[in-house]
Amino acid sequence: MGNLFCCIQVDQSTVAIKERFGKFEDVLEPGCHCLPWFLGSQLAGHLSLRLQQLDVKCETKTKDNVFVNVVASIQYRALADKANDAFYKLSNTRSQIQAYVFDVIRATVPKLNLDDTFEQKNDIAKAVEDELEKAMSAYGYEIVQTLIVDIEPDEHVKRAMNEINAAARMRLAATEKAEAEKILQIKRAEGEAESKYLSGLGIARQRQAIVDGLRDSVLGFSVNVPGTTAKDVMDMVLVTQYFDTMKEIGASSKSSAIFIPHGPGAVRDVAAQIRDGLLQGSNALH
């Protein structure tokens, strides 16, 4: 009905290409327009000004000979002031963009190792965008944004990368565990050393107290019992210690059997051995 009355409607975000006897005449903006077909005017077609997206999957090889699939997402749109170029100069816009993407990716990625490809994907996207912007602006298209959305190596390569990563993490965990055990052993050794030091200090103080007590006992006994010598006092102390020891051995239910010489003569022999040892030590010092 619109064609019958020479009127056409152009939708929002769309422009129409008007021709006169097959030659470009004008770009029709959104709205209602008169198109006198009887004067040779006709509608060549419509061109969308909306933002469009094209996903391109390109297989290429890295510098270290790993094949990867690089997926690039291209966002583009036609320019209203260059609608005639966008309509007439390209017959297949998507194929043209795809060809440029292939060219740039296959020229850039082979210069990078696999790890660098992942790290520098923004640089790859920028290179693709710059090349597309320079090429497509002559055809009336604007490249809004270019994204590298995925870099997918071969399945065997991904498995090997995961195994390398897992091995590195296990090695790090083993190192940390060994370091923790080392610290634990050092702390345990320091604790044992401190414990032995305090134990030795306690034994030394105990022996010093015993010596002081024996000295006081000998002096006190010599004063209170006239005619006794220090030797007599020591013999009596040794006998007393001897019987106390025997009493403790007999009273303890968990003590092992100990066989030692028993009798008054044995006490005398023990006392003589102690005195001889002290005298020999004193002579060695002098």
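Sequence positions, counted from 1, serve as the residue numbers for this chain. As the structure is a computational prediction, the values presented were derived from the model and not from experiment.
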[X] (side chain) donor-acceptor with [Y] (main chain) under 3.5 angstrom:
X      : Y      : answer
Thr175 : Arg171 : yes
Ser137 : Glu133 : yes
Gln42  : Glu19  : no
Arg50  : Ala78  : no
Asn92  : Ser95  : yes
Arg20  : Leu39  : yes

Looking at side-chain heavy atoms only, is the closest gap between [X] and [Y] below 4.5 Å?
X      : Y      : value
Leu54  : Val56  : yes
Thr14  : Leu47  : no
Cys58  : Arg106 : yes
Tyr139 : Asp85  : no
Lys121 : Thr117 : no
Leu43  : Ile17  : no
Gln145 : Leu147 : yes
Gln53  : Ile74  : no

Q. Are Ser73 and Asp55 close enough that a side-chain donor and a side-chain acceptor fall under 3.5 Å?
A. yes
Q) Between the side chains of Gln120 and Asn122, is a donor N or O closer than 3.5 angstrom to an acceptor N or O? A) no
Identify the heavy atoms of [X] and [Y] that sit nearest to each other, and give their distance.
X      : Y      : answer
Leu112 : Thr62  : O-CB, 3.4 Å
Phe118 : Pro153 : CZ-CD, 4.0 Å
His46  : Phe87  : O-CE1, 4.1 Å
Gly140 : Ala86  : O-CB, 3.9 Å
Cys34  : Lys18  : O-NZ, 4.4 Å
Val144 : Glu129 : O-OE2, 3.9 Å

Q: Determine whether more than 12 heavy atoms belonging to other residues, nucleotides or ligands lie under 6.0 Å from atom CZ of Phe21.
A: yes
Are [Y] and [X] linked, directly or through intermediate hydrophobic residues, by side-chain heavy-atom contacts shorter than 4.5 Å (ILVMFWY only)?
X      : Y      : result
Leu90  : Phe102 : yes
Tyr100 : Ile143 : yes
Leu79  : Tyr88  : no
Phe24  : Tyr141 : yes
Leu35  : Val10  : yes

(Q) To the nearest 0.5 Å, what is the distance between CG on Asp64 and CG on Asp115? (A) 7.5 Å
Q) Salt bridge between Lys126 and Asp130, side-chain N to carboxylate O under 4.0 Å? A) yes
Q. Is there a side-chain contact (heavy atoms from CB on, under 4.5 Å) between Arg94 and Tyr76 once you walk through the steps?
A. CA-CA 10 Å; Arg94 301 174 72 88; Tyr76 66 98; 3.6 Å; yes
